[in-house]
Amino acid sequence: MTGMGDRILGLFLLVVAVAYGWVAQQWPEPFGGAEGVGPETFPTILAIVLVVGSLYLMIKPDADAKWPVGKSALELVISIIVLVVYALLLEPLGFIISTTLAVGILSWRMGAPPLRAFVTGLISAVVVFGLFNYGLSLSLPNGLLGGS
């Protein structure tokens, strides 16, 4: 039964990828018609990458893979919680604040000094926000920074 953990994880991720891809296709077409890169394109690409990765885990698992225990398992649980909270706070706080917090916390948990972790999060958030909003014309939520 070598590689059973990878196969279980691969099956779980495959289910998540298919559900995520299906939901992405349900989003309404934006006002003014479809764009070359519409709001469903990026999530669909992510879903396809996750499907391919999931299938790889199921077809060619690592024979020596072991489930994380102790501190490693706790760090994974913390990371999952941070990502879920990030998704919940994205609209009300906005992309820049939410991403700064998420990247900062995850970087800090990986060992970066807190100040450097949150500065990295802020720089990452601003660069990606600019790229998406102005380079690709794909709006990200402004949240608290949007003003009225």
Side-chain angles (χ1 to χ4, degrees), residues 1-28 30 37-147:
M1 274 208 344
T2 60
M4 188 55 73
D6 279 357
R7 288 189 174 106
I8 292 170
L9 178 62
L11 181 60
F12 172 75
L13 292 175
L14 181 64
V15 170
V16 168
V18 169
Y20 180 72
W22 181 78
V23 168
Q25 300 306 311
Q26 305 310 309
W27 292 337
V37 179
E40 75 280 344
T41 304
F42 187 69
T44 301
I45 292 169
L46 289 179
I48 291 169
V49 169
L50 187 54
V51 164
V52 170
S54 302
L55 292 174
Y56 182 81
L57 276 175
M58 291 189 300
I59 294 168
K60 193 169 181 181
D62 183 359
D64 297 331
K66 300 208 181 341
W67 288 93
V69 294
K71 186 178 179 189
S72 296
L74 179 63
E75 291 295 336
L76 285 173
V77 169
I78 290 170
S79 297
I80 291 169
I81 291 169
V82 167
L83 293 173
V84 168
V85 170
Y86 170 71
L88 294 173
L89 294 178
L90 195 56
E91 281 291 325
L93 293 183
F95 182 82
I96 292 177
I97 295 172
S98 299
T99 302
T100 299
L101 292 173
V103 172
I105 291 169
L106 293 174
S107 297
W108 170 60
R109 296 305 308 153
M110 287 188 235
L115 180 61
R116 184 174 291 165
F118 285 96
V119 168
T120 299
L122 178 61
I123 292 169
S124 301
V126 169
V127 167
V128 171
F129 185 82
L131 176 68
F132 272 67
N133 274 11
Y134 305 112
L136 298 174
S137 297
L138 296 173
S139 296
L140 294 174
N142 291 324
L144 297 175
L145 299 178

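What you see below is based on every heavy atom in this structure, not just the backbone, and it leaves out hydrogens, waters and symmetry mates. By convention here, the first residue in the shown sequence is residue 1. Small disclaimer: the values here were computed from a predicted structure and weren't measured.
- Put simply, the side chain of Ile105 reaches to within 4.5 Å of the side chain of Phe118, judged on heavy atoms.
- Nearest heavy-atom pair, Ala47 versus Gly21, reported as atom, atom and distance to 0.1 Å: CB-CA, 3.7 Å.
- Annotation: the span from Leu55 atom CG to Leu50 atom CG amounts to 9.5 Å, rounded to 0.5 Å.
- Contact check for Leu106 versus Ser79: side-chain heavy atoms found under the 4.5 Å cut-off.
- Heavy atoms of other residues, nucleotides or ligands lying less than 6.0 angstrom from CZ of Arg116 number 12 at most.
- Taking every heavy atom of both residues into account, Leu122 and Thr100 meet most closely at CA-OG1, 3.4 Å.
- Between Leu101 and Tyr86, every side-chain heavy-atom pair lies at or beyond the 4.5 Å cut-off.
- Contact of the Ser124 side chain with the Thr120 side chain is registered, since non-hydrogen atoms from C-beta on lie closer than 4.5 Å.
- Rounded to the nearest 0.5 Å, atoms CG (Leu88) and CG (Leu93) are 10.5 Å apart.
- A donor-acceptor contact shorter than 3.5 Å links the side chain of Ser98 to the backbone of Leu89.
- Between the side chain of Thr99 and the main chain of Ala125, no donor-acceptor pair closer than 3.5 Å is present.
- Taking the side chain as every heavy atom from C-beta outward, Leu46 and Tyr20 approach each other to under 4.5 Å.
- Heavy atoms only, all atoms of each residue included: Leu14 and Ser54 are closest at N-OG, 3.2 Å.
- In this structure, the separation between CG on Leu9 and CE on Met58 is 10.0 Å, given to the nearest 0.5 Å.
- Here the straight-line distance linking atom CD of Glu75 with atom CD1 of Ile78 works out to 4.5 Å at 0.5 Å rounding.
- Using a 4.5 Å heavy-atom threshold, the side chains of Arg7 and Leu57 count as separate.
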